[in-house]
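Notes follow the structure.
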Amino acid sequence: MAEDIAPIKLFVPSFEVDAALIEIKECLEVGWTGAGFKTDLVEKVWKENFGYLNSLFLNSASAALDIALAGLKKLNSWKDGDEILTTPLTFVSTNHAILRANLSPVFCDIDSTLCLDPISVKSRITPKTKALVYVGIGGNLGNFKEIQEICINSGIKLIVDGAHMAGSNSSHYANGKEVDALIHSFQAVKNLPSADAGMLSTPLEELHAYAKKASWLGINLNTFERNQNNRGYKWEYDVEDLGYKYNGNSIMASIVLAQIPFLEKGNERRREIISQYVSELPNNEKITHINRFGEYKTSGHLMQIFVKKGLRNSLMDFLAENKIDTGVHYRLNTHYPMYSYAFGTTPVAELIEKEVISLPLHLKLSDRDVTRVCEKIKEFCGTDVA
Ligand SMILES: *Cc1c(COP(=O)(O)O)cnc(C)c1O
């Protein structure tokens, strides 16, 4: 065992500390830490950067998912129990949002990209299917283009849970206009970290208007706008919907604003690390790489591989003994009681979840660290550790 070697962590967030502090200081000096001010600015910068038509800064991606589902349901008069196609291999936020909107998650299978399999998606469309939630695992787009075509041809809405996808791009996913709702996360260990925040971008003006109100308890005008316009009676607002308290605040927006200019450079480094892993860890009978397609840029949020022959957990133990942290993204949601009705319906996902492992990937990782992880994995593969 390597006593004197520094541990290698799975995720370590990197922050633009000085730039963030300047933005935060401004909030404190002006005396505006809530919604408005920096949240307006971060929405504007986000839209301009990626060409989105509308973006709304919220307190998390989970909040954005809730609002997207509830909003699309209301605006399109979906009924309770209407069906939403989704993946079991995701963080529970994705599927909780469907249930919380009183809609029914219908789980589709995944393929070797770890994202939804278009064939499975097609087979699960019924007259009650209203939307599909697509998760770009690790920032990858998998077979997104085909899925998008299926949604368009079947007249179902497409919601992208892009919690891993800040900066992911491709020609068929250029600027969010091709999807009905696109959600990003700025949670502490995502590839564009704050502490907790998220963004909901949509080309649908009605959904954006609903989301603005719904994120602020259903109140029809936010406090900042009322203050700014110096409108007479500030308390005489209307409450039009049973909304949520999901708005983002100016302190979180400050951190995000400081990070945005460095997103692409950071993602480039992430892709470089992934390439190094792939070249130093050739496929063998125990380790295989997931399918990443060359036609788009991934954000490089995760570095996942498949560990075959039932060796995944013992590899994780072996790496832990060598002070190398690993993770699993994700345990299938169909193991949890509220989704267990669907366990057994996604056989590929059920196989893959036992094989997939996430290796360290963050901006504090050196080339030597990556080599050390690869060496240890090769050492493990060479011996038949049980
Ligand atoms: C992290 C994550 C979320 C939730 O993001 P928060 O900003 O923490 O609410 C949703 N979906 C996926 C796939 C995630 O990884």
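Small disclaimer: the values here were computed from a predicted structure and weren't measured. When a ligand or atom number is given, it counts from 1 through the structure's own listing order.
- When heavy-atom distances to ligand 1 are checked against a 4.0 Å cut-off, A197 comes that close only through its backbone atoms N, CA, C and O.
- Checking only distances, A63 never comes within under 3.5 Å of ligand 1, N or O to N or O.
- Among protein heavy atoms, the minimum distance from atom 11 (N) of ligand 1 is reached at D161 OD2, 2.7 Å.
- Counting heavy atoms under 4.0 Å from ligand 1, residue A163 touches it through the side chain alone.
- Within the structure, ligand 1 lacks F186 among the residues with a heavy atom less than 4.0 angstrom away.
- For the side-chain contact (heavy atoms from CB on, under 4.5 Å) with I8, the lone residue among L319, D325, D369 that qualifies is D369.
- Cation-pi geometry between K190 and F186 is not met at under 6.0 angstrom from the ring centre and within 45 degrees of the axis.
- With respect to atom 15 (O) of ligand 1, the closest heavy atom belonging to the protein is H164 NE2, 2.7 Å.
- Nearest non-hydrogen protein atom to atom 9 (O) of ligand 1 is S62 OG, 2.6 Å.
- A donor-acceptor pair is defined here as one N or O able to donate and one able to accept, closer than 3.5 Å; such a pair exists between the side chain of D180 and the backbone of L158.
- Residue contacts with ligand 1 for S93 involve side-chain atoms from C-beta outward but no N, CA, C or O (heavy atoms, distance under 4.0 Å).
- Donor-acceptor pairing under 3.5 Å is lacking for the side chains of S14 and Q259.
- Using a 4.0 Å cut-off to heavy atoms of T90, the atoms of ligand 1 that qualify are 13 (C).
- For atom 2 (C) of ligand 1, the nearest non-hydrogen atom from the set Q187, H329, K190 belongs to K190.
- Annotation: H329 is in aromatic contact with F11 [ring centroid separation under 6.0 Å].
- The shortest distance between side-chain heavy atoms of F343 and H335 falls below 4.5 Å.
- Using a 30° and 60° split on the angle between ring planes, H164 and H301 fall in the tilted class, from 30° to 60°.
- Proximity of the aromatic rings of H184 and F57 is defined here by a centroid distance below 6.0 angstrom, and this criterion is not met.
- Residue contact annotation: A64 has no non-hydrogen atom under 4.0 Å from ligand 1.
- When each atom of ligand 1 is checked for a heavy atom of F91 under 4.0 Å away, the hits are 2 (C), 3 (C), 4 (C), 12 (C), 14 (C), 15 (O).
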